[in-house]
Novice: 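Here's a structure for you.
Predicted model only: the values in this text are computed from it and were never measured.
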Amino acid sequence: MFKYYMGICVMCLIFAVVALFFSANAGTMAVVYLSMAGAFLAIAFVTSGRESRW
């Protein structure tokens with residue numbers, strides 16, 4: 001599950017960079033995507049242990 005959530009985290013980081021260039025509310029959108037990336041990064045580390053694997 002770590003790779004799955006880490007992939008979502010990287011996608012949120014890419015969305016934040018794109019929002020900085022193309023959004024009318026660049027700062028707000030970037031902060032939202034960065035916070036989502038941080039949340040998915042935390043979930044990735046919580047689910048990275050052997051006991052959390054399916």
Side-chain angles (χ1 to χ4, degrees):
M1 295 301 289
F2 178 78
K3 290 181 185 179
Y4 175 76
Y5 287 118
M6 193 61 143
I8 296 174
C9 174
V10 170
M11 285 175 31
C12 286
L13 291 174
I14 292 170
F15 293 159
V17 171
V18 170
L20 283 175
F21 289 116
F22 297 116
S23 178
N25 301 323
T28 304
M29 291 299 292
V31 167
V32 167
Y33 283 124
L34 287 175
S35 61
M36 286 174 55
F40 280 112
L41 182 65
I43 293 170
F45 280 114
V46 166
T47 61
S48 65
R50 182 166 296 280
E51 66 278 353
S52 340
R53 295 184 185 158
W54 293 7

Novice: Restricting to non-hydrogen atoms, name the atom on A30 and the atom on A19 that form the minimum distance, rounded to 0.1 Å.
Specialist: N-CB, 4.4 Å
Novice: Applying ring pair (Phe, Tyr, Trp, His ring centres under 6.0 Å), which residue pairs with at least one partner in residues 3-26 are found, sequence neighbours left out?
Specialist: F15-Y33
Novice: CG of L34 to CG of L20: how many Å apart, nearest 0.5 Å?
Specialist: 7.5 Å
Novice: Are V31 and L13 connected in a single hydrophobic cluster, I mean Ile/Leu/Val/Met/Phe/Trp/Tyr linked by side-chain heavy atoms less than 4.5 Å apart?
Specialist: no
Novice: With clusters defined by side-chain heavy atoms of hydrophobic residues (ILVMFWY) lying less than 4.5 Å apart, directly or transitively, does I8 cluster with L41?
Specialist: no
Novice: Tell me, please, which residues at least two apart from S35 pass side chain to side chain contact (heavy atoms under 4.5 Å, CB included).
Specialist: none
Novice: Linking I/L/V/M/F/W/Y whenever their side-chain heavy atoms sit closer than 4.5 Å, directly or via other members, would M1 and F40 fall into one cluster?
Specialist: yes
Novice: Could you report the tightest heavy-atom contact between F2 and A44, atom names first, then the distance?
Specialist: CD1-O, 3.2 Å
